[in-house]
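Written out below as structure tokens is the structure these notes cover.
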Amino acid sequence: MILSETGTIPHMASTIAQALLAWYAEHARDLPWRRQRDPYAVWVSEVMLQQTRADTVVPYYLRWMDRFPTVEAFASASRDEVLRMWEGLGYYRRAHNLHQAAHILVVEYDGKLPNEVDKLRDLPGIGPYTAAAIAAIAFNQDVIAIDGNLRRVLSRLIDLTIDPRSSEGERCLRSWALRECPSGQSSAFNQALMDLGAMVCLPRTPNCDACPLVRSCLALKRGVQDERPMKPPRKQIPHITVTAAVLRDGEHVLIGRRPEGVLLGGLWEFPGGRLEPEETLESCLRREIGEEIGVEIEVGARLGVFDHAYTHFRVTVHAFECKLIRGEPQAIDHSEIRWVSPEQLREYPMGKIDRAISTTILQATDQPPIEG
DNA sequence: TACGCGTGGGT
DNA sequence: TACCCAAGCGT
């Protein structure tokens, strides 16, 4: 037997890797981005999958690849169309960075993704995980892409007693996985661990009976599988109250585009803002519209109340019909403002709450004639 | 290192 | 209800 330079036996998979890959060959999820190995498709899917479940991504991915089948097709699309295709997926900076990176690929790489981790890592929106995932899945490079699934699966397998998100914890997981990964099979190896985490080694009540690695799992052996991975305590999230103005001028309503880099950056919204202590909803809205849009308004009927939970805070939005009293609207806090008809609202990418307000406006506008 | 950045499903 | 948490990245 010839040993490689590192002293390991080449192409000799460990017992764990063999069991894992055999399980994967039989149980791999049939996901649309797995039906080919186009690096562009792998890239798009990986970015969509950041902090997002596969079931959620599937319809977005299919629509995306249908509309933007190549890097060039995507790069030449408008910002608003890209955001509309992304609307509902969240973390909108991902769409912005994806678009930026597409332009770089067209100009510097002939529209092709590089196969090296370091070059991938330089593209906007591609961090350590996504760079490794593309290198492994699309190019079969011997790297480990550590995501939430791998953190959980590997933490249990080796019974890691420290936070796997810490640099020390991640180093442990990576070096262990790299030793186990059969050279040249990183694509299947990485995806097998992800599928194991997504289907069997679940966050709560893992289905150890169905696990191909049940005999190797140290946490199970010690009965601490429910306490892995170790996680730091969470902080409480605040709940804020916000007002929003549906400012009308004849048939049109006013919307503004949020600047890039903030919450819901690049998306359109109904202007308004946070309720300060001792303020009424009405005075809050008059103040906010004065500050943001530079006009005086009269606050009319309440259009609706909308609740939403973001990752770091919870919000209740009170939307009001409003009329212009004095002044010409200006884009002060917004990058752009526009008067649009209710029907045009659907063309403007929006977050969850403003889309709900839009829908309420449209329902009030398009009230079909009552039959009978 | 810690935090801001969305949304939806599960319990 | 309220909380958890999911194929992370950028600063």
Side-chain angles (χ1 to χ4, degrees), chain A residues 28-29 31-34 41-61 83 86-98 100-101 120-138 144-154 163-170 187 189-199 201-206 226 229 231-240 258-267 269 306-315 349-356:
Chain A
R29 287 175 290 175
L31 298 167
W33 46 89
R34 287 181 174 172
V42 173
W43 172 43
V44 170
S45 70
E46 284 303 334
V47 174
M48 287 185 171
L49 286 161
Q50 288 168 6
Q51 297 288 284
T52 311
R53 293 171 199 283
D55 288 345
T56 303
V57 167
V58 168
Y60 285 89
Y61 171 84
L83 279 173
W86 201 272
E87 183 180 315
L89 263 183
Y91 289 126
Y92 297 93
R93 195 171 304 180
R94 291 185 296 177
H96 179 70
N97 286 334
L98 203 63
Q100 301 275 89
L120 288 164
R121 186 70 186 71
D122 284 339
L123 294 166
I126 296 186
Y129 163 77
T130 305
I134 295 170
I137 294 170
I144 303 297
I146 299 184
D147 70 338
N149 288 309
L150 268 76
R151 271 192 288 276
R152 186 171 59 256
V153 171
L154 299 177
D163 179 1
R165 288 180 173 279
S166 66
S167 49
E168 173 67 12
E170 185 169 328
S187 181
F189 186 81
N190 274 283
Q191 294 183 84
L193 286 171
M194 291 180 196
D195 278 19
L196 194 60
M199 296 190 289
C201 195
L202 302 168
R204 294 181 218 203
T205 59
D226 290 333
K231 50 181 182 289
R234 299 230 162 190
K235 291 175 182 172
Q236 275 214 327
I237 61 171
H239 187 157
I240 65 169
R258 297 173 62 83
E260 213 61 60
V262 302
L263 181 77
L264 302 172
L267 300 187
E269 69 169 7
F306 305 85
D307 286 301
H308 192 66
Y310 296 96
T311 306
H312 290 280
F313 66 99
R314 208 175 278 283
V315 64
M350 293 179 175
K352 217 61 198 168
I353 294 172
D354 291 280
R355 182 56 68 205

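Predicted, not measured: the structure shown is a model, and the values here were computed from it. Chain A is the first sequence line, chain B the second, and so forth, proteins listed ahead of strands; every chain is numbered from 1.
- Between C:dA7 and B:dC5, the two P atoms lie 23 Å apart (nearest whole Å).
- C:dA6 and B:dT1 have their C1' atoms separated by 22 Å, with the value rounded to a whole Å.
- A:Leu31 comes within contact range of at least one nucleobase, with a heavy-atom separation under 4.0 Å.
- In the set C:dA7, C:dG8, C:dC5, C:dC5 carries the atom at the smallest distance from any side-chain atom of A:Pro203.
- Contact annotation for A:Gly88: backbone-only contact, meaning every heavy-atom pair under 4.0 Å involves sugar-phosphate atoms and none involves a base.
- Residues forming a side chain to side chain contact (heavy atoms under 4.5 Å, CB included) with A:Ala54 (at least two apart in sequence, or on another chain): A:Arg29, A:Leu31, A:Trp33, A:Leu49.
- Between the side chain of A:Asn190 and the backbone N or O of A:Ile144, no donor-acceptor pair lies under 3.5 Å.
- Proximity of residues 51-61 of chain A to DNA chain C (heavy atom under 4.0 angstrom from any strand atom) is restricted to A:Gln51, A:Arg53.
- Looking at which nucleotide of DNA chain B each of A:Thr205 and A:Phe313 is closest to, the 5′-most match is held by A:Phe313.
- Checked against C:dG10, B:dT7, C:dA7, the side chain of A:Met194 finds its nearest nucleotide in C:dA7.
- Checked against B:dT1, C:dG8, C:dC9, the side chain of A:Ser167 finds its nearest nucleotide in B:dT1.
- Among residue pairs with one or both ends in residues 258-267 of chain A, those qualifying as salt bridge (charged side-chain N to carboxylate O under 4.0 Å, His left out) are A:Arg79-A:Glu260, A:Arg258-A:Glu269; sequence neighbours excluded.
- Comparing B:dA2, C:dG8, B:dG6 by their nearest atom to the side chain of A:Lys235 picks out B:dA2.
- Contacts of A:Tyr310 classified as ring-ring contact (aromatic ring centres under 6.0 Å, His included), with partners at least two apart in sequence or in another chain: A:His308, A:Phe313.
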In residues 124-134 of chain A, what donor-acceptor pairs under 3.5 Å come from side-chain atoms, sequence neighbours left out?
{"from": "A:Tyr129", "atom 1": "OH", "to": "A:Glu46", "atom 2": "OE1", "distance (Å)": "2.7"}
{"from": "A:Thr130", "atom 1": "OG1", "to": "A:Gln50", "atom 2": "NE2", "distance (Å)": "3.0"}

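- In terms of the side chain to side chain donor-acceptor pair (under 3.5 Å) criterion, residue partners of A:Ser187 (sequence neighbours excluded) are, by chain and number, A:Arg37, A:Gln191.
- Closest to the A:Arg151 side chain, of the nucleotides B:dG6, C:dA7, C:dG8, is C:dG8.
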